[in-house]
Amino acid sequence: MERPSPRLSPAAALGAVLGPLACAAIYLAPVPVGLTYEGKSALAVLTLCVVWWLLSPVALPVTSLVGLALLPALGALPTADALALFGNPSVFFVIGVFLVAAVMHRTGLSSRLTLLGLRRASTSEDVLCWGVLGLSWALCSIVVSHAVAAIMLPIVLQIIRALDLGPRSRTARRLLLSMAWGTVAGSNLTLLSSARATLALDLYANWRANAGLDPDPIGFVAYALGAAPISLCSMLAAGVVLRLMLPPEGHDIAPAIARLNEQVKELGPVRRREKLTLAVIAAMVVSMVTAGPQWLGVVALLTSGALFLLQVLRWEDAERYVNWGVALMYGGAIAVGGALDRTGATLWLAEAVLPDGLGPWSTVALIALLAAGLTEVVSNAAVIAVILPIALPLAVTAGLDPHLLVWLVPLSAGFAFVLPTSTPAMAMVFGTGYLRVRHTSIGVVITFISWAVLLVLAATLWPLLGLDVTPGVSP
């Protein structure tokens with residue numbers, strides 16, 4: 001018997017109609033003063049994508065692919081140019097990183113590292129919760145945050161069951177949010193932590209090329225130096241907020257320790273595949289640090305090839321564990337963002353929508369706050385694709401160094417601590433039944449703390465790294 005097709009939610013049904021209507025209205029309208037026909041077409045495509053990213057009548061990757069197809073169909077770009085934008089290095093970097101994460105999951109290496117770390121951090125309720133938070137955050141330095149959440153959640157749920165914690169338990173909620181908020185904060189650690197940073201790098205490179213500027217490559221270490229301190233502050237803020245809002249209940253954590261010890265024993269001795277995986281990943285990180293930013297995608301793909309050659313990963317496993325939809329979404333988002341820039345639509349939109357006379361620091365604060373707000377309801381890749389192409393010309397107008405937006409926008413788009421729509425990690429913990437929005441609304445405090453820390457570090461640390469907001473101007 002054939003299964004009935006799932007029905008669209010009211011919001012999705014609205015988006016299915018509203019997106020094409022808004023796109024058609026912009027496309028058929030007269031060309032505004034200061035904007036080209038191609039730019040107007042690119043804005044029509046962007047409008048459709050934004051509506052669909054917000055209301056989700058179709059999957060996010062489908063929206064990006066539809067946007068990619070509409071660029072030549074509506075005359076924004078020639079077909080070859082639109083498809084060339086899709087095949088950018090960031091897409092292949094994302095694929096390589098997900099393949100590496102799949103190997104760590106498949107071989108059990110990630111589970112072993114997690115269990116060993118938690119077993120040593122299980123001397124009290126407080127230490128256990130801080131251990132989950134810190135380990136979730138630290139693993140994101142080498143594994144994409146979505147994969148870390150998928151690794152950590154089953155282990156955290158086993159601990160909750162071992163402690164016999166009910167659905168109203170503060171400790172259960174604290175453990176789940178420690179995992180989720182640890183990965184959210186950790187997604188800002190390095191270029192390996194999430195794909196949005198590489199998306200920002202690619203959009204920035206395209207913008208410089210279209211503006212006739214020399215390349216301004218940003219390496220693995222340079223990005224981490226600017227991002228990691230903010231990521232660390234977000235993680236610590238999350239821990240403090242959780243300790244204050246969900247204090248210990250006085251549980252005996254001996255059953256949890258026993259369960260962790262059992263799981264470690266079940267894994268047995270470290271196997272050859274795990275050792276090979278660890279060695280290859282170490283070589284990958286060293287290569288990314290030393291080879292330079294233009295080689296990140298190449299290194300990630302060569303690392304994946306080495307794992308296949310060593311028989312550590314099979315293609316059937318890659319198909320099962322790798323989120324191919326994310327790569328498709330990023331490729332389409334980059335193409336739409338690149339079209340906006342090439343057609344001059346971003347500059348026109350920035351001048352038409354944003355207030356005049358904003359100073360450099362007001363611009364920084366506004367862009368960061370806008371990105372942080374949007375990421376709660378829209379995929380952070382979509383936030384980058386929409387905001388960064390508009391923010392780059394705006395930065396120049398405001399006297400900002402556009403170079404720093406490569407950190408500012410993706411970091412702000414990582415402050416997703418409240419809603420289940422913000423990140424896969426938040427969606428996962430909401431799916432356990434232990435949490436509601438009223439329990440995570442306190443995440444707004446972490447968002448504002450992270451936003452304030454970002455502004456402080458932009459004024460103090462970033463200039464030491466060559467990221468002056470505007471030389472000679474104090475906030």
Side-chain angles (χ1 to χ4, degrees), residues 23 27 35-50 52-53 60-98 191 195-218 292-302 304 324-349 379 381-382 384-393 402 405-406 409-410:
C23 176
Y27 178 71
L35 186 65
T36 63
Y37 168 80
E38 292 79 9
K40 181 170 70 74
S41 298
L43 284 178
V45 175
L46 174 68
T47 302
L48 172 70
C49 290
V50 169
W52 280 12
W53 280 330
L60 296 177
V62 175
T63 298
S64 293
L65 292 177
V66 169
L68 173 66
L70 285 176
L71 290 174
L74 299 186
L77 285 178
T79 301
D81 291 351
L83 296 180
L85 286 172
F86 181 86
N88 61 82
S90 293
V91 174
F92 299 103
F93 176 78
V94 169
I95 292 172
V97 168
F98 271 106
L191 291 177
R196 65 175 177 273
T198 54
L199 173 61
L201 287 172
D202 203 78
L203 288 172
Y204 177 63
N206 288 340
W207 175 77
R208 290 190 69 89
N210 293 332
L213 301 172
D214 294 332
D216 183 20
I218 297 167
Q294 68 273 24
W295 293 98
L296 292 178
V298 174
V299 170
L301 290 179
L302 287 175
S304 305
W324 300 102
V326 171
L328 294 174
M329 180 187 175
Y330 273 65
I334 288 172
V336 173
L340 290 170
D341 188 53
R342 288 194 182 186
T343 59
T346 51
L347 182 58
W348 180 87
L349 193 60
S379 158
I384 304 294
V386 171
I387 290 182
L388 192 59
I390 299 170
L392 286 167
L405 294 184
V406 179
V409 177

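What's counted below: heavy atoms across the whole structure, side chains too, no hydrogens, waters or symmetry copies.
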Given L65, V336, L48, the one that forms side chain to side chain contact (heavy atoms under 4.5 Å, CB included) with L70:
L48
Tell me, do L43 and L35 make a side-chain contact under 4.5 Å, heavy atoms counted?
yes
Minimum heavy-atom separation for G75 to Y37, with atom names?
O-CE2, 4.3 Å
To the nearest 0.5 Å, tell me how far D202 CG sits from I384 CD1.
12.5 Å
Closest non-hydrogen contact found for V406 with A200 is O-CB, 4.2 Å
How close do P72 and T79 get, counting heavy atoms only, and between which atoms?
CB-OG1, 3.4 Å
Any side-chain heavy-atom pair from L74 and C23 closer than 4.5 angstrom?
yes
All heavy atoms of A197 vs all of P410, minimum pair found to be CA-CB, 4.2 Å
Is there a side-chain contact between L388 and L199 in this structure, where contact means two heavy atoms from C-beta onward sitting under 4.5 Å apart?
no
Can you name the closest pair of heavy atoms from A335 and L71 and give their distance?
O-CD1, 3.6 Å
Out of curiosity, T343 OG1 to K40 NZ, how far, rounded to the nearest 0.5 Å?
11.5 Å
Are side-chain heavy atoms of L83 and L68 found at a separation under 4.5 Å?
yes
Minimal non-hydrogen separation, P402 against W207, with atom names:
CG-CH2, 3.7 Å
